[in-house]
Amino acid sequence: MEIINTRIKGVDGEMKKNPTLLFGLRVNDVILFVAVILFSVCYLLPFIAMVLSSFKPTTEVISSPPTFLPSEWGLNNYIHMFNNFDFLGSLWNTLIIALGSSLLSVSIGSIAGYAVARQFSKFTKHFFVLALVARIIPPVTLAIPILEMIRSVGLIDTHFGLMLVHAGINIPFVIWMTSGFFQDIPKELEDAAYVDGCNRFAIYFKVVLPVAAPGIAATSIFTLMLSWNEFLFALLLTNINAKTAPVGISEFLNVYSSEWGAMAAAATLFTVPILILSALIQRRIVEGMAAGAVKG
Amino acid sequence: MATINKERQFYGLVFTIPATIYMGVFLIYPLCLVLFNSFFFIDAMDPTISEFVGSENYSEVLSDDRFWGTVGNTLMFTCLAVIFEFILGFLIALAITSLKFGQQLARTLFLLPLMIAPLVAAMAWRFIFSSEFGLLNWTLFHLGIIDNPSAIPWLNSADLSIISAIITDIWLTTPFIVLIMVAGLQSLPKEVTEAAYVDGVGWWKEVFHIKLPMLRPVIAVAVVMRMIDAARTFDIIWILTGGGPRFSSEVLSTQIYRTLTRYGDIGISSATAVLFTLGLMLVSALVFKLITSGNSQTEVK
């Protein structure tokens with residue numbers, strides 16, 4: 001240990017050649033920091049360009065040569081979009097469906113994730129394999145029969161229909177993600193409650209869930225986002241009453257051919273709230289995302 | 001002990017039953033139905049008219065050149081996207097983890113693209129790629145790389161359309177690899193990297209002989225997850241190119257969707273879907289084995 005310490009000091013000594021800036025920061029570190037931040041901002045340019053386009057005068061959106069910054073900032077595209085399309089309605093549909101399907105998938109999936117994490121029986125092991133395999137199935141494969149199923153029970157173009165389907169797709173994901181969080185919770189608390197005579201339901205709801213709340217929250221954020229952004233089933237199962245925002249956005253360029261300005265405005269309105277929200281709770285999201293892969 | 005075991009088994013069943021039923025109805029039953037339908041001819045106008053045709057749908061799909069073209073596109077899309085995402089993502093993650101300050105800020109900035117819906121990303125890139133008002137061609141033109149601003153038909157050429165879709169996918173999901181690799185790199189025991197540093201191991205050696213092998217399990221999960229998602233891509237292709245021009249950027253997801261919705265051919269689209277699902281399961285199991293199996297050998301080195 002001593003050897004390592006002295007060696008590290010030696011290395012530090014060499015580093016002293018590197019001139020220091022204010023607050024004892026090294027020039028190299030500052031350059032690396034500026035480079036990384038600059039790169040990550042540039043990385044967002046394709047999206048930023050679209051957001052800027054939404055504030056351009058309508059003709060400038062598709063002007064050739066193109067502009068990056070609006071020559072004149074305005075809300076024309078937004079006003080035009082609100083006057084001609086019921087985009088707010090489809091945002092509302094998206095929100096309802098995302099909230100409903102998240103509630104459904106997280107409440108059903110997390111209790112199963114707990115059973116998997118605690119390996120209650122052989123059955124739970126097989127069950128987990130089933131959930132993993134289910135995650136591989138391409139959604140488009142399920143699209144064919146699910147269209148038939150939803151049509152036959154008369155739930156086509158309803159909030160409830162798409163909600164059920166989104167929950168179905170997300171349950172394997174919820175099981176997988178929550179089981180990771182539950183594994184991290186020490187068993188001692190549960191064992192103590194068990195000895196005290198609590199049944200497993202009481203233990204799950206009163207002892208485990210409160211401790212696992214951050215993990216459950218992270219999972220809910222993901223299911224919300226997956227449903228909010230989902231396009232394939234929304235396109236297949238909704239068209240007027242329950243049309244979601246992604247379907248609405250896709251129609252600006254298909255049906256009404258050249259509504260680029262309105263499309264940019266709608267896409268901005270649809271995305272920016274999510275970006276702000278995710279920047280605010282970024283630690284949760286990053287931890288959740290990393291937990292799955294890093295723990296394996 | 002026996003009673004505790006029985007009790008555990010009972011609750012194991014009770015806790016997983018709602019999810020089992022739900023997955024049964026929305027995942028397993030539909031999957032069986034697809035398999036069942038793939039052996040039938042089903043009338044597009046009146047789905048009640050159906051006729052058992054054995055493996056006819058399969059032989060029709062397998063002898064169709066367009067199917068193999070689509071398989072080729074799907075493979076190309078998946079391989080190129082995942083390879084570039086991994087290289088780019090790993091390099092960015094290395095840069096972020098070597099920051100002495102501001103790691104959190106960099107991580108947040110890279111999280112943002114990940115929250116953008118694939119559909120919106122594809123829309124944004126349609127602006128960029130457009131041959132009339134696209135920023136990409138005009139930038140290349142101003143840099144003197146191409147002589148006229150519509151020289152590269154990113155979306156309208158049969159050779160380029162799939163490349164444009166791959167670029168969009170790389171842009172959208174490299175941040176996923178970045179975040180996972182940052183977490184992976186941060187989870188490496190400090191002693192190992194410090195020891196390498198003290199022993200004067202060079203940067204390349206440290207990355208390739210120490211960090212990469214140690215991160216193997218993380219990489220396996222991340223790559224397989226990305227591979228599955230890339231192979232299933234629908235939104236980006238549908239919005240960006242619609243699979244065109246002349247099916248040059250068609251992938252399996254868009255082909256199955258089109259066969260189902262435009263031509264109403266349930267039999268053929270089911271057979272294609274079955275082949276797709278089986279292929280994907282097989283390939284992802286193989287790749288996962290491949291990445292994880294070399295583990296012990298490299299660590300001995």
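Just so it is clear: chains get the letters A, B, ... in the order the sequence lines come, proteins before strands, and each one is counted from 1.
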* Heavy-atom pairs under 4.5 Å with chain A are the metric here; pick the option from B/Val34, B/Asp235, B/Ile228, B/Leu33 that has the most. => B/Asp235
* Asked: So which of B/Ala121, B/Ala231, B/Pro175 has the biggest tally of heavy-atom pairs under 4.5 Å with chain A?
  ->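 Highest number of heavy-atom pairs under 4.5 Å: B/Pro175.
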What part of [X] gets closer than 4.5 Å to chain B, counting heavy atoms only: side chain, backbone, both or neither?
X: A/Tyr43; result: both
X: A/Ser40; result: both
X: A/Gln119; result: backbone
X: A/Leu164; result: both
X: A/Ser53; result: side chain
X: A/Leu235; result: both
X: A/Val174; result: neither
X: A/Leu104; result: side chain
X: A/Ala266; result: neither
X: A/Ala35; result: neither
X: A/Val165; result: both

Based on non-hydrogen pairs under 4.5 Å, which of [options] is most in contact with chain B?
options: A/Ile37, A/Ile62, A/Leu32; value: A/Ile62
options: A/Ser105, A/Ala143, A/Ala167, A/Ala264; value: A/Ala167
options: A/Pro145, A/Ala279, A/Ser107; value: A/Pro145
options: A/Phe39, A/Tyr204, A/Trp228; value: A/Phe39
options: A/Pro246, A/Ala267, A/Gly113, A/Ala134; value: A/Pro246
options: A/Thr124, A/Ile169, A/Ile137; value: A/Ile137

* Evaluation steps, side chain to side chain contact (heavy atoms under 4.5 Å, CB included), between A/Thr67 and B/Phe133 -> CA-CA 9 Å; A/Thr67 55; B/Phe133 52 88; over 6 Å; no
Quick one: [atom1] on [X] to [atom2] on [Y], what's the gap to the nearest 0.5 Å?
X: A/Ile108; Y: B/Ile21; atom1: CD1; atom2: CD1; answer: 9.0 Å
X: A/Ile136; Y: B/Met281; atom1: CD1; atom2: CE; answer: 5.5 Å
X: A/Leu45; Y: B/Ile128; atom1: CG; atom2: CD1; answer: 8.0 Å

Non-hydrogen atoms of [X] and [Y] that approach each other most closely:
X: A/Ser278; Y: B/Leu111; answer: O-CD2, 3.8 Å
X: A/Val140; Y: B/Ser253; answer: CG2-O, 3.4 Å
X: B/Met123; Y: A/Ile249; answer: CE-O, 3.5 Å
X: B/Leu119; Y: A/Ser250; answer: CD1-CB, 4.0 Å
X: A/Leu142; Y: B/Phe26; answer: CD1-O, 4.2 Å
X: B/Thr277; Y: A/Pro138; answer: OG1-CD, 3.6 Å

* Enclosure of A/Tyr194 OH (heavy-atom neighbours >12, cutoff 6.0 Å) ->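 Counting other residues, nucleotides and ligands, OH of A/Tyr194 exceeds 12 neighbours.
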* To do: Check whether more than 12 heavy atoms from other residues, nucleotides or ligands sit under 6.0 Å from atom CZ of A/Phe68, and answer yes or no.
  => yes
Tell me, side chain or backbone of [X] under 4.5 Å from chain A's heavy atoms, or both, or neither?
X: B/Arg232; value: side chain
X: B/Ile116; value: both
X: B/Phe127; value: both
X: B/Gln9; value: both
X: B/Thr20; value: both
X: B/Leu27; value: both
X: B/Ser284; value: side chain
X: B/Met23; value: side chain
X: B/Ile28; value: side chain
X: B/Ser130; value: neither
X: B/Leu112; value: both
X: B/Val25; value: both
X: B/Leu31; value: both
X: B/Asn137; value: neither

* Asked: Under the side chain to side chain contact (heavy atoms under 4.5 Å, CB included) criterion, do B/Arg126 and A/Trp260 qualify, and how do the steps go?
  -> CA-CA 10 Å; B/Arg126 262 180 87 160; A/Trp260 285 86; 4.0 Å; yes
* Specify whether B/Phe15 and A/Tyr114 have parallel, tilted or perpendicular ring planes, treating 30° as the upper limit for parallel and 60° as the lower limit for perpendicular. => tilted
* Asked: With under 30° as parallel and over 60° as perpendicular, where do the rings of A/Phe231 and B/Phe234 fit, or are they tilted in between?
  ->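 A/Phe231 vs B/Phe234 ring planes: tilted.
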* Asked: What about B/Tyr11 and A/Phe201, are their ring centers closer than 6.0 Å?
  -> yes
